[in-house]
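Per chain, numbering begins at 1; letters A, B, ... match sequence-line order. Since this is a predicted model, take the numbers as computed values, not measurements.
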There are 2 protein chains.
Amino acid sequence: MEFDDKVPIYYQIKTVIYDQIIAGQLAPGDKLPAIRQLAVSMTVNVNTVQRALSEMIAEGVIISRRGRGNFVTDNAQIVEQLKQQLMTSYLKQLYDRLHRLNISDEQMVAELTAYIERQGDSNGNDIED
Amino acid sequence: MEFDDKVPIYYQIKTVIYDQIIAGQLAPGDKLPAIRQLAVSMTVNVNTVQRALSEMIAEGVIISRRGRGNFVTDNAQIVEQLKQQLMTSYLKQLYDRLHRLNISDEQMVAELTAYIERQGDSNGNDIED
DNA sequence: TATAGTGTAATAGGAAACTAGTACACTAAC
DNA sequence: GTTAGTGTACTAGTTTCCTATTACACTATA
């Protein structure tokens, strides 16, 4: 797996797993791959994965069952909270950044739309069948 | 100054200065504050500021004149390139993140618009005189 | 009971980022 | 020439992140 060398790996792992939960690839109650499994598939040390998991456990999103595995909480409300929280933080980051560049609210939406258009040119999503 | 402890400080300094250049607070040819000055105002060590500047110099955006100071390049084209590059990377980051959350292109624009609305409620920009 | 699969803990070492401090080199202005 | 303001370079020490390795604890199953 590829990581941004400007952000701690354990933190990026956390983001990836959280994103999977929000996207529904990991449903409430689902079992995560074994820690050693995750470490191998991400080409990372076990301790690094564990550090990511520790934080997620502390935040109540992951439930750890010794000898059995790690599971996504079955509390749908926590997952929903997580979703809102992450979505907002992502949007806020873009908003703050573009704001610092003196981009107005309207321009901001326009820029995003334009970017998506450009993406569409090469991806062709929604168009090809 | 406040920094995100998940990203190297020197890198965040670079971002701040680049943003100021793009926003026009630092025009082409302008002299930057002295390194020691920047270090004090950012509550950071001189070496950390210098590391940020070194990269910007290597990238051709900042020109260093020994004994005189550091200056923004007067090459407007370089500044314009920088602007496009940063804008795109900011947009791409949001796009990729929301995409991982299974948010469609249309939803994405809607979410951003909604976020801006929410901001407007507390900021009241464009409304008050 | 033995074994395989799992989470957890602890130690040791290396690399990167940051700080602190000192010294040197160049420029401009007196 | 001296001085103040500037960039540049170097060394030393601390902290955080990451890796490697070993050991232990619990669960399920044959």
Side-chain angles (χ1 to χ4, degrees), chain A residues 1-18 20-21 26-75, chain B residues 1-18 20-21 26-75:
Chain A
M1 186 169 213
E2 287 182 5
F3 293 103
D4 179 349
D5 68 350
K6 293 293 184 303
V7 182
I9 293 177
Y10 81 90
Y11 196 79
Q12 296 181 63
I13 292 175
K14 206 175 144 184
T15 302
V16 167
I17 294 180
Y18 273 171
Q20 288 179 349
I21 292 174
L26 283 172
D30 273 5
K31 180 174 181 294
L32 268 64
I35 281 195
R36 291 172 180 78
Q37 196 68 37
L38 286 172
V40 169
S41 71
M42 291 176 166
T43 329
V44 147
N45 191 273
V46 178
N47 300 318
T48 307
V49 177
Q50 180 149 33
R51 174 155 187 189
L53 287 173
S54 296
E55 292 200 358
M56 295 189 280
I57 291 164
E59 291 166 13
V61 181
I62 299 293
I63 307 295
S64 170
R65 298 190 214 276
R66 196 186 186 98
R68 289 199 263 166
N70 291 299
F71 301 80
V72 179
T73 177
D74 54 4
N75 184 333
Chain B
M1 184 167 215
E2 287 182 4
F3 293 103
D4 180 348
D5 67 351
K6 293 293 185 302
V7 181
I9 293 177
Y10 81 89
Y11 196 79
Q12 297 182 61
I13 292 175
K14 206 174 142 182
T15 302
V16 167
I17 295 179
Y18 273 172
Q20 289 179 351
I21 292 174
L26 283 173
D30 273 5
K31 180 173 182 293
L32 270 64
I35 281 195
R36 291 173 179 81
Q37 196 68 36
L38 286 172
V40 169
S41 72
M42 292 174 165
T43 328
V44 147
N45 191 275
V46 178
N47 300 317
T48 307
V49 176
Q50 180 150 32
R51 174 154 187 190
L53 287 173
S54 297
E55 291 200 359
M56 295 189 280
I57 290 165
E59 291 166 14
V61 181
I62 299 292
I63 306 295
S64 170
R65 299 191 214 273
R66 195 187 188 97
R68 288 199 262 166
N70 291 298
F71 301 80
V72 178
T73 176
D74 54 5
N75 185 333

### Message
Measuring from the side chain of B:Ser64 (C-beta onward, heavy atoms only), which nucleotide among D:dT19, D:dT8, D:dA28 has the closest atom?
### Response
D:dT8
### Task
Please report, rounded to the nearest Å, how far the C1' atom of D:dA9 is from the CG atom of B:Leu53.
15 Å
### Query
Of all the choices, D:dA28, D:dA25, C:dT19, which nucleotide is nearest to the side chain of A:Arg66 once you look at every atom?
D:dA25
### Task
Give the nucleotide from the list C:dA17, D:dT8, D:dC18 with an atom nearest to the side chain of B:Arg51.
C:dA17
### Message
What is the separation between atom CZ on B:Arg68 and atom C1' on D:dA4, rounded to the nearest whole Å?
### Response
17 Å
### Query
What are the two closest non-hydrogen atoms of A:Tyr11 and B:Lys6, and how far apart are they?
CD1-CE, 3.1 Å
#### Entry: Worked verdict on A:Leu53 versus A:Leu32 for side-chain contact (heavy atoms from CB on, under 4.5 Å)
CA-CA 10 Å; A:Leu53 287 173; A:Leu32 268 64; 3.9 Å; yes
### Task
Taking only the side-chain heavy atoms of B:Asn45 (C-beta and beyond), determine which of C:dT19, D:dT19, C:dT6 contains the nearest atom.
C:dT19
### Summary
Note: B:Pro28 and B:Asp74 closest approach over all heavy atoms is CB-CA, 3.8 Å
### Query
Given atom CG of B:Leu32 and atom C1' of D:dG7, what is their separation to the nearest angstrom?
13 Å
### Query
Do B:Tyr10 and B:Val44 have side-chain heavy atoms sitting under 4.5 Å apart?
no
### Closest nucleotide among D:dG7, C:dG21, D:dC18 to the A:Ile9 side chain
D:dC18
### A:Asp4 CG to C:dA16 P, straight-line distance once rounded to whole Å
16 Å
### Task
State whether B:Arg65 places a side-chain N or O below 4.0 Å from either non-bridging phosphate oxygen (OP1 or OP2) of D:dG7.
no
### Task
Measure the distance from CE on A:Met56 to P on C:dT8 and round it to the nearest whole Å.
12 Å
### Query
Which nucleotide in the list C:dA9, D:dC10, D:dA23 gets nearest to the side chain of B:Asn47?
D:dC10
### Message
Using the side-chain heavy atoms of A:Ala34, tell me which of these nucleotides is nearest: C:dT6, D:dC18, C:dT8.
### Response
C:dT6
### Task
Using whole Å, report how far CZ of A:Phe71 lies from C1' of D:dT27.
11 Å
### Query
Which nucleotide in the list D:dC18, C:dG7, C:dC26 gets nearest to the side chain of A:Pro8?
D:dC18
### Per B:Gln50 side chain, nearest of listed nucleotides D:dA9, C:dT8, C:dA20
D:dA9
### Query
When all nucleic acid strands are considered with a 4.0 Å heavy-atom cut-off, which category describes B:Val46: base, sugar-phosphate, or nothing?
nothing
### Task
Report the distance from atom CD of A:Gln12 to atom C1' of D:dC17, rounded to the nearest whole Å.
12 Å
### Query
C:dG7 phosphate, OP1 or OP2: any side-chain N/O from A:Asn70 under 4.0 angstrom?
yes
### Summary
Separation of C:dA4 atom P from A:Gln37 atom CD, nearest Å, is 17 Å
### Message
Can you confirm whether A:Arg51 sits close enough to A:Asn47 that some side-chain heavy atom of one is under 4.5 Å from a side-chain heavy atom of the other?
### Response
no
### Message
Quick check for you: among D:dC17, C:dC18, C:dT8, whose closest atom lies nearest to any side-chain atom of B:Tyr10?
### Response
C:dC18
### Query
Taking for each residue the nucleotide of DNA chain C with the nearest heavy atom, is it B:Arg36 or B:Thr48 whose nucleotide lies nearer the 5' end?
B:Thr48
### Task
Please confirm whether the backbone N or O of A:Asp4 pairs with a side-chain atom of A:Gln12, one donor and one acceptor, at under 3.5 Å?
yes
